[in-house]
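Take a look at the structure set out below.
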Amino acid sequence: MTRLTLVRGDITEQAVDAVVNAANSSLLGGGGVDGAIHRKGGPEVLAACRALRASHYGKGLPTGQAVATPAGNLPARWVIHTVGPRYLAEEDRSELLASCYRRSLEVADELGARTVAFPAVSTGIYGWPLDDGARVAVRTVRATATAVDEVRFVVFDERAHRAFESALAEAPEE
Ligand code: AR6
């Protein structure tokens, strides 16, 4: 059974096997979680991302996919980079958001990671409404078969904390 936990804090300070990065397709950094992970992770993370761009992901990492690199100076072993969808009111892209969580857990299983910290993917710069983003995150993780022992949602502020608390309080779907 995978335990789902929730903490308010900074994703770059989590001593877990893998931290998930809310990246963009370029894999070369950005703002928000991505900026913080590259700042703290340092050159080893960026070099590994560049190597991915030079090999398997010449056109970038597609939205909804995930790929791992070492975590450099972060207190984690790996960073799992995933690319969330930008929120569009006129199009339901929640399957792509769900895919980020699902694929990240698959990658975690391939690595043998037992503890994984997720940010609220897409709910910052990509504009996804927090309540819905939290619901998709919790439902998807609950519905995914994985050997990960703990999935830790790490949120920055009180509003996000409340959104995840409500999502976690919902009865699991059968
Ligand atoms: N720890 C935990 N949560 C955080 C942190 C942190 N250090 N920093 C921000 N958050 P975002 P996105 C929260 O914007 O929406 C980048 O430029 C934040 O409050 O990091 O998927 C990438 O390169 C929000 O709730 O990711 C992409 O271009 C959540 O984490 C783009 O932003 C995600 O916010 C991705 O946008």
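Atoms within each ligand, like the ligands themselves, are counted from 1 in listed order. These figures come from a predicted structure and were not determined experimentally.
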Closest to atom 22 (C) of ligand 1 by heavy-atom distance, out of Val19, Val154, Asp34, is Asp34
What residue and heavy atom of the protein are closest to atom 33 (C) of ligand 1, and at what distance? Ala120 O, 3.3 Å
Quick check on contacts: which atoms of ligand 1 are under 4.0 angstrom from a heavy atom of Gly30? 17 (O), 23 (O)
Top protein contact for atom 1 (N) of ligand 1, by heavy-atom distance: Ile11 N, 2.9 Å
Would you mind reporting whether Thr2 and Asp149 have side-chain heavy atoms less than 4.5 Å apart? no
Should Ser122 be listed as contacting ligand 1, given a heavy-atom distance under 4.0 Å as the test? yes
Heavy-atom nearest neighbour in the protein, as seen from atom 14 (O) of ligand 1, with distance rounded to 0.1 Å: Ile125 N, 2.8 Å
Below 3.5 Å, N or O to N or O, backbone or side chain included: is there any such pair between Gly31 and ligand 1? yes
Non-hydrogen atoms of Gly9 versus ligand 1: any pair closer than 4.0 Å? yes
For Arg135, is there an ion pair with Glu170 - N to carboxylate O distance below 4.0 angstrom? yes
So which protein heavy atom does atom 8 (N) of ligand 1 come closest to, and at what separation? Phe156 CE2, 3.4 Å
Please write down residue, atom name and distance for the protein heavy atom closest to atom 18 (C) of ligand 1. Gly124 CA, 4.5 Å
More than 12 heavy atoms of other residues, nucleotides or ligands under 6.0 Å from CZ of Arg53: is that the case? yes
Does any N/O atom on Val155 come nearer than 3.5 Å to any N/O atom on ligand 1? no
Is a donor on one side and an acceptor on the other found under 3.5 Å between the side chain of Thr115 and the backbone of Val16? no
Does any pair with a residue in residues 40-88 pass ring pair (Phe, Tyr, Trp, His ring centres under 6.0 Å), and if so which ones, sequence neighbours excluded? Tyr87-Trp128
When you measure from atom 25 (O) of ligand 1 to every protein heavy atom, which one gives the shortest distance, and what is it? Thr123 OG1, 2.7 Å
What about Ala36: any of its N or O atoms under 3.5 Å from an N or O on ligand 1? no
Walk me through whether Glu106 and Arg103 qualify under salt bridge (Lys or Arg N to Asp or Glu O under 4.0 Å). CA-CA 5 Å; Glu106 279 171 25; Arg103 285 288 306 133; 2.3 Å; yes
N/O separation below 3.5 Å, Thr12 to ligand 1: no
Out of Val33, Leu28, Leu27, who is nearest to atom 4 (C) of ligand 1 when you count heavy atoms only? Val33
Heavy atom of the protein closest to atom 7 (N) of ligand 1 (residue, atom name, distance): Asp10 OD1, 3.0 Å
Is Ala22 close to ligand 1, meaning an N/O of one under 3.5 Å from an N/O of the other? no
